[in-house]
Amino acid sequence: MSKVSNPEETVDSVTLTIDGQEVQAAEGETILEAADRAGIDIPTLCAYADLTNVGACRMCLVDIDDERRETACTTAVDEGMEVEFDTEDLWDQRRSILELQFTEENHYCMYCEMEGDCELEDMFNRAGLDQDRFPLEYKDVEPDTSNEYITMDLDRCIGCGRCIRTCEEVVGNETLNFGNRGRETTIIADSGVPLGESSCTSCGGCVQACPTGSLYSPLSAYKGRERNCEVETTTCSECSVGCELEVYTNSGRIVKIEGAEEGEDGGQLCEMGRFELLDDRRERVTEPQVDAEIVEIEEALDAIAEELTDANSINAVASDRLPTETLEAFAEAMDDIGANLEIPGAQRRATEAAIREELAADGYEDLQADSIEDVLESDGIVVYDTSIVESHPVAASYVRRASTDGAELVTVDGETDQLKRFSDESLTVGSPLAQATAEAAGALADGGSASPVAGVAEATTRALDAEDGVVVLGPEIEDDEALIDAYGLAAMTDSRVLSLDRGANRADFAADGVDESAEVAYLLAGDDRGEDLDRAIEVARQADTVIAQATRESTLTEIADVVIPALDWFEREGTVVDADGEERSIDRVLDPRSETGSDREIIAELKEVAT
């Protein structure tokens with residue numbers, strides 16, 4: 001259901017009655033929305049969050065003014081309207097629909113992953129049904145398990161369309177749709193291919209929206225019912241979007257992760273935040289080690305202190321997923337011993353800050369986008385580096401949605417354009433992006449002449465001539481000249497820049513990077529994986545002595561001379577700074593499982609013995 005402002009704060013409002021209760025509603029609001037806000041529970045199965053209402057399930061049927069029967073989710077309120085939803089005649093109709101649902105699909109609740117959390121089961125119980133009058137006529141449909149994280153069991157699908165609308169309206173990917181007709185109608189991915197072979201981004205939005213067991217994740221299946229779980233809210237630190245997580249735990253283990261629908265991100269998550277955080281199967285580092293032998297923490301700290309004190313050169317790399325407070329403590333400790341420090345994204349942010357300062361001196365101020373959501377309000381978007389689809393998936397969904405809503409989208413990439421399906425003009429640039437942006441800026445200065453670099457200038461300037469233009473810079477844009485020209489282009493077109501660098505935590509740190517090998521490498525890797533872990537390993541291989549403060553075993557811990565346990569993502573607490581420059585809270589979900597109770601305490605103790 002779409003969210004509506006309080007009618008008391010709205011100039012135009014109407015008064016109606018719902019089952020005899022007087023309700024104030026905003027003009028244009030639906031009966032279901034007005035009832036929901038008034039605390040009146042009109043039954044429904046297909047209405048969900050901010051999705052478009054379609055009236056598919058027929059559970060919200062109401063009688064209006066004793067004259068007509070309509071669906072409450074699609075009927076607007078009117079002054080003096082009298083609505084009834086809790087009559088025996090209406091419940092008889094609902095019961096008939098529910099019985100047909102149970103007849104046409106496989107709803108053996110005791111064998112279903114969603115038993116106890118299923119909205120259809122709840123509705124069946126609410127209707128007072130304990131058996132079905134009709135013979136079972138469902139077809140046995142093999143579950144689609146082709147996607148690693150999402151199982152489609154269409155035997156249990158009720159055709160509400162919540163997954164389709166979520167994929168289209170929230171994620172903007174348009175993978176799911178209805179296929180076939182009549183009784184053969186079913187949910188399909190793309191043109192009917194298995195989900196794992198489709199354009200699905202594995203964000204899991206459809207899983208969260210599904211009211212039955214038709215869509216679920218094998219990572220969470222049969223691990224516990226929501227009613228038996230505790231729910232902790234924290235911030236995802238997989239990228240700088242900083243989505244709000246609702247983490248369900250049971251008996252000291254994580255059952256599942258969902259997006260907070262009332263949070264700033266409206267319940268959106270991506271594959272990294274919803275599934276990959278649950279699917280890290282590497283063994284935990286639980287005890288300190290020196291030369292592959294388990295030791296007490298004091299002995300490990302003494303060994304580290306000795307190596308750092310005696311070293312002529314030290315390289316330090318810290319994970320950008322860590323809380324600001326931990327990174328500040330580490331940066332201070334490394335500065336005290338003269339170490340070179342690298343934090344993903346820090347150098348680029350410093351470069352961009354200098355560029356903005358210089359342009360502000362020339363009268364071009366406020367070039368930085370206020371929020372990622374500025375993309376949704378823009379009329380023209382230029383995306384340099386479409387790898388944001390992988391690195392910042394929720395931000396990429398905003399780009400897709402804006403394009404679908406009519407914004408002109410130009411995508412520029414040196415390799416594969418991952419937004420080509422939604423782009424008005426997709427440009428592959430064989431030359432450096434610095435040249436592409438320079439050509440665009442030059443063309444604008446010359447009055448918009450065509451560019452010899454694959455038409456970049458003509459396309460980008462046309463898109464940014466829109467009233468609200470946004471330049472999106474992906475994480476692969478590292479060249480200083482490309483950054484300078486991109487900001488210059490934004491300044492000349494009165495556009496804003498949304499910078500999505502490699503850093504998940506965009507707090508300001510003085511980190512000049514690591515360019516040369518050193519005697520000692522100190523890697524505060526945390527639970528890093530993928531490219532970030534590869535970079536830590538690269539720096540480690542160039543050192544004589546390696547110190548790793550890590551959460552899980554990996555090649556890094558294998559080559560390290562000293563290993564200190566680090567907290568996992570669900571054990572940390574502190575804050576991070578998101579792409580909007582806002583501070584978000586990292587809250588502890590479960591107590592630490594390793595000997596280390598706090599990464600910051602370890603760093604503080606190390607600082608004491610090393611200086």
Side-chain angles (χ1 to χ4, degrees), residues 230-247 249 254 257 259-260 263-265 269 272-273 276-278 280 284-286 297 301 316-336 341-346 349 392 394 501-511 522-529 532-533 536 548-552 564-608:
E230 296 180 0
V231 183
E232 299 291 341
T233 302
T234 189
T235 301
C236 179
S237 56
E238 288 296 290
C239 79
S240 58
V241 174
C243 298
E244 193 171 340
L245 307 179
E246 287 185 346
V247 186
T249 65
I254 297 175
I257 299 173
E264 295 184 33
D265 311 292
L269 293 180
M272 295 184 294
E276 289 185 6
L277 287 177
L278 287 179
D280 195 336
R284 281 294 298 267
V285 175
T286 58
I297 187 67
L301 291 176
V317 178
S319 169
D320 56 299
R321 293 181 173 90
L322 299 174
T324 301
E325 295 78 7
T326 301
L327 290 174
E328 285 176 343
F330 187 69
E332 183 179 338
M334 294 301 101
D335 184 59
D336 287 348
L341 177 62
E342 178 174 299
I343 301 175
R349 286 196 296 278
H392 298 75
V394 172
D501 59 49
R502 296 181 186 278
N505 185 349
R506 289 177 58 88
D508 290 327
F509 300 105
Y522 190 156
L523 299 316
L524 179 56
D527 58 339
D528 274 354
R529 57 190 186 278
D532 289 335
L533 180 60
Q549 192 167 341
T551 305
R552 296 183 181 272
I564 298 289
L567 299 182
D568 212 334
W569 66 269
F570 52 83
E571 299 164 338
R572 299 180 192 133
E573 51 189 347
T575 59
V576 293
V577 177
D578 66 15
D580 297 345
E582 298 293 327
E583 192 173 82
R584 299 278 190 105
S585 176
I586 299 285
D587 297 312
R588 178 167 287 175
V589 175
L590 293 173
D591 291 333
R593 298 177 181 178
S594 68
E595 189 173 313
T596 304
S598 168
D599 293 331
R600 294 195 291 276
E601 287 179 7
I602 293 294
I603 295 168
E605 290 179 32
L606 177 62
K607 185 178 177 182
E608 276 189 30

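Counting from 1, the numbers follow the sequence of the chain as shown.
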**OP:** Measure across Trp569 and Leu245 and return the closest heavy-atom pair with its distance rounded to 0.1 Å.
**Re:** CZ3-CD1, 4.3 Å
Subject >> Sole residue of Val589, Leu278, Thr234 in side chain to side chain contact (heavy atoms under 4.5 Å, CB included) with Ile257 >> reply: Leu278
Subject >> Spacing of Asp587 atom CG and Arg572 atom CZ [to the nearest 0.5 Å] >> reply: 13.5 Å
**OP:** Search all heavy atoms of His392 against all heavy atoms of Asp501 and return the closest pair with its distance.
**Re:** CE1-O, 3.3 Å
**OP:** With Asp527 as reference, evaluate Leu567, Leu533, Thr551 under the side chain to side chain contact (heavy atoms under 4.5 Å, CB included) test and give the passing residue.
**Re:** Thr551
Original post:
How far apart are the closest heavy atoms of Ala504 and Ser237, and which atoms are they?
Top reply: CB-O, 3.2 Å
Original post:
Do you know the tightest heavy-atom contact between Ala511 and Ile343?
Top reply: CB-N, 4.0 Å
**OP:** Run through Glu325, Arg584, Glu582 and flag the one making a side chain to side chain donor-acceptor pair (under 3.5 Å) with Thr575.
**Re:** Glu325
Original post:
Minimum heavy-atom separation for Ser240 to Gly503, with atom names?
Top reply: CB-O, 3.5 Å
Original post:
Out of Ile603, Leu523, Val285, Leu606, which one pairs with Gln549 under the side chain to side chain contact (heavy atoms under 4.5 Å, CB included) rule?
Top reply: Ile603
Original post:
Counting distance only, does the side-chain N/O of Glu232 pair as donor-acceptor with the main-chain N or O of Leu590 below 3.5 Å?
Top reply: no
Subject >> Nearest atoms (heavy-atom pairs only) where Ala525 meets Ala550 >> reply: CB-CB, 4.5 Å
Original post:
Distance from Arg321 atom CZ to Leu524 atom CG, nearest 0.5 Å?
Top reply: 12.5 Å
Original post:
What's the verdict on side chain to side chain contact (heavy atoms under 4.5 Å, CB included) for Ile297 and Ile564, showing C-alpha distance, side-chain angles and the deciding distance?
Top reply: CA-CA 8 Å; Ile297 187 67; Ile564 298 289; 3.8 Å; yes
**OP:** Only one of Thr326, Asp320, Thr324 passes side chain to side chain donor-acceptor pair (under 3.5 Å) with Asn505; say which it is.
**Re:** Thr324
Subject >> Donor-acceptor pair, side chain of Asp568 and main chain of Phe570, under 3.5 angstrom >> reply: no
Subject >> Pairwise distance CZ(Phe509) to CG(Leu327) - rounded to 0.5 angstrom >> reply: 4.0 Å
Subject >> Donor-acceptor under 3.5 Å (Thr235 side chain, Ile586 main chain) >> reply: no
Original post:
Charged N to carboxylate O under 4.0 angstrom, Arg600 versus Glu573?
Top reply: no
**OP:** Evaluate salt bridge (Lys or Arg N to Asp or Glu O under 4.0 Å) for Arg506 paired with Asp580, printing each intermediate quantity in order.
**Re:** CA-CA 9 Å; Arg506 289 177 58 88; Asp580 297 345; over 6 Å; no
**OP:** Look at the side chain of Glu571 and the backbone N and O of Arg593, then say whether any donor-acceptor pair between them is shorter than 3.5 Å.
**Re:** yes
